Amino acid sequence: MRWHGDRLELLDQRLLPAEEHWITAEGAGAVAQCIRDMVVRGAPAIGISAAYGVALAARHAGGDWKTEIGQAIRELAASRPTAVNLFWALQIMEKEFHSCESLGEATRRLAATAVQIHEEDLSANLTMADHAIAFIGAERPISVLTHCNTGALATGGYGTALGVIRRLHEHQLLNRVYADETRPWLQGSRLTAWELSRDGIPVTLNADGAAAAILAQGDVKWVVVGADRITANGDVANKIGTYSLAVLARYHRVGFMVVAPSSTVDMSLACGEDIPIEERDGSEVRQIRGVPIAPEGVEVFNPVFDVTPASLIDVIVTEKGVVHNPSVADMRSLFG
Ligand code: MRU
């Protein structure tokens, strides 16, 4: 994303990799629509965009600025339900805005806070990559498998799980990344494979159903994924299909690592059952780019996230540190 002070430009992720088209959002409503329609997606990127959306709301507000900014925050909060980074960022923006005494002050401070949220996310990604590399402790190149897109597109830059993969590559410790294509929205094939190929990182794309066969071959040492919300006991909501990978990893004795900034941790929820899971329209499964691939009108179940229980996770990596074999006590001692 590109912030210009008076507008936010978002690379339209729905068109990648075929087309690199930037959409300009000039107000909070346009940002909310971009989040709803998946122009921008990925938990941290959604939070950062929403923060810029609030900054834009202040720029356009008039005499009743407090009501208008408040409404913009509510509209942004209603854009998607699962990634807690959205609500985390909006809470920071709301707190900032409530302490402003004039519209001029709000316009300045909200823009500066959004930029800070963006910069801190990038820096968290870099720190997480260091923690993860130290934890993995590889002495020779390893292969990993990842799911969905957790790269620069999904974050403030660099990436969460993909940041770890980038860092392995930078240290010449990466043999190969297997990227699940990630049905139905294909974030793996359209976005992850695109990011990795552009950066010259060796990637092999696979259908989601091939993951078991890949892990059975014994080459992959870690499954590395991101997260959309992590609860107080270490349960993790992430892109649909993550839970099946965790089961497969445990069966094949492959490590399962979740990489996410602390803005993805929601200590107010006791466990994964409390996480609101977004269900999207059935047409995302029945069609690809408008082309039918299923009988018209067939009933579809399309939850876009699932919950991986903490018991299947070997390690959660955040910028604040790592939680090995997550438990309530360890989560509490790191995140309060
Ligand atoms: O529906 P999306 O594309 O917004 O899904 C979010 C994700 O990309 C992931 O689940 C991801 O692993 C966490 S975001 C780094």
Side-chain angles (χ1 to χ4, degrees), residues 1 10-16 32 34-50 79-89 118 121-122 124-125 128-129 132 144-166 177 179-195 208 223-230 235-246 256-266 272 275-281 284-285 302-308 313 316-319:
M1 63 196 85
L10 294 165
L11 181 56
D12 190 343
Q13 299 190 26
R14 299 166 306 177
L15 302 181
L16 290 172
C34 284
I35 297 174
R36 247 189 330 268
D37 295 348
M38 310 271 281
V39 168
V40 59
R41 30 65 49 209
I46 290 172
I48 298 162
S49 306
S79 57
R80 287 191 75 189
T82 303
V84 75
N85 309 60
L86 172 68
F87 310 102
W88 169 89
H118 190 168
D121 186 70
L122 175 56
N125 286 345
M128 290 188 291
V144 302
L145 185 141
T146 192
H147 190 68
C148 196
N149 172 261
T150 60
L153 291 166
T155 63
Y158 204 66
T160 56
L162 223 59
V164 173
I165 290 166
R166 281 186 209 288
V177 190
D180 275 1
E181 65 176 350
T182 318
R183 281 278 294 150
W185 214 76
L186 302 172
Q187 290 94 330
S189 51
R190 296 190 311 98
L191 308 175
T192 299
W194 181 75
E195 281 197 36
D208 298 351
V223 172
V224 189
V225 297
D228 289 84
R229 198 182 297 224
I230 303 174
D235 287 352
V236 167
N238 192 49
K239 181 53 57 192
I240 191 76
T242 302
Y243 176 29
S244 9
L245 280 180
F256 191 86
M257 173 183 279
V258 174
V259 188
S262 56
S263 54
T264 305
V265 175
D266 183 354
I275 301 175
I277 299 293
E278 177 181 11
E279 280 188 42
R280 293 181 68 89
D281 198 81
E284 292 184 354
V285 177
N302 186 23
V304 298
F305 301 99
D306 57 25
V307 174
T308 300
I313 296 168
I316 297 174
V317 178
T318 74
E319 81 284 8

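Order of appearance sets the numbers: ligands from 1, and atoms from 1 within every ligand. Owing to the predicted nature of the structure, the values given are computational and were not obtained by experimental measurement.
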Do Asp228 and ligand 1 have an N or O pair less than 3.5 Å apart? yes

Look at atom 14 (S) of ligand 1 and say which protein heavy atom is nearest, naming residue and atom and giving the distance to 0.1 Å. Ala43 N, 3.2 Å

Does any part of the side chain of Asn125, heavy atoms only, come nearer than 4.5 Å to the side chain of Thr160, both counted from C-beta? yes

On the ring face of Trp88, is Arg229 found with NZ or CZ under 6.0 Å from the centre and within 45° of the axis? no

Atoms of ligand 1, numbered as shown, that sit under 4.0 Å from any heavy atom of Thr160: 15 (C)

Non-neighbouring partners of Ser244 that pass side chain to side chain contact (heavy atoms under 4.5 Å, CB included), sequence neighbours left out: none

Specify the protein heavy atom at minimum distance from atom 8 (O) of ligand 1: its residue, its atom name, and the distance to 0.1 Å. Arg41 NH2, 2.5 Å

To check your reading of the model: name the closest protein heavy atom to atom 11 (C) of ligand 1, its residue, and the distance in Å. Asn238 OD1, 3.2 Å

Test side chain to side chain donor-acceptor pair (under 3.5 Å) applied to Asn85 - qualifying residues, sequence neighbours left out: Ser263, Thr264

Side-chain ion pair, Glu195 and Arg190, N-O less than 4.0 Å: no

Applying a heavy-atom cut-off of 4.0 Å, say which part of Thr242 lies close to ligand 1: side chain, backbone, both or neither. neither

Among the heavy atoms of Phe305, does any lie under 4.0 Å from an atom of ligand 1? yes

Quick check: do Arg280 and Met38 have side-chain heavy atoms less than 4.5 Å from each other? yes

Only heavy atoms of Gly226, strictly under 4.0 Å: list the atoms of ligand 1 that pass. 12 (O)

Under 3.5 Å, side chain of Asn302 to main-chain N/O of Val285, donor-acceptor pair present? no

Within 4.0 Å of some non-hydrogen atom of Asn149, the atoms of ligand 1 are 8 (O), 11 (C)

For ligand 1, which atoms sit closer than 4.0 Å to a heavy atom of Cys148? 7 (C), 8 (O), 9 (C)

So, regarding Gln187 and ligand 1 (criterion: nitrogen or oxygen to nitrogen or oxygen, under 3.5 Å), is there a contact or not? yes

Could you check Asp228 against Val84 for side chain to side chain contact (heavy atoms under 4.5 Å, CB included), going step by step and ending with a plain yes or no? CA-CA 6 Å; Asp228 289 84; Val84 75; over 6 Å; no

Under 3.5 Å between some N or O of ligand 1 and some N or O of Ile46? no

Which of the numbered atoms in ligand 1 are below 4.0 angstrom from a heavy atom of Thr150? 11 (C), 12 (O), 15 (C)

Ligand 1 N/O within reach of Thr155 N/O, cut-off under 3.5 Å: no

re atom 5 (O) of ligand 1, the protein heavy-atom contact at minimum distance is Lys239 CE, 3.3 Å

With heavy-atom distances below 4.0 Å as the criterion, list the atoms of ligand 1 near Pro44. 14 (S), 15 (C)

Assess, by modelled atom type and distance only, whether the side chains of Glu319 and Ser262 contain a donor and an acceptor separated by less than 3.5 Å. yes

Gap separating the CG atom of Asp266 from the CD1 atom of Ile275, nearest 0.5 angstrom: 7.5 Å

Structural part of Arg80 in contact with ligand 1, heavy atom criterion under 4.0 angstrom: side chain

So, do Gln187 and Thr150 sit near enough that their side-chain heavy atoms are less than 4.5 Å apart? no

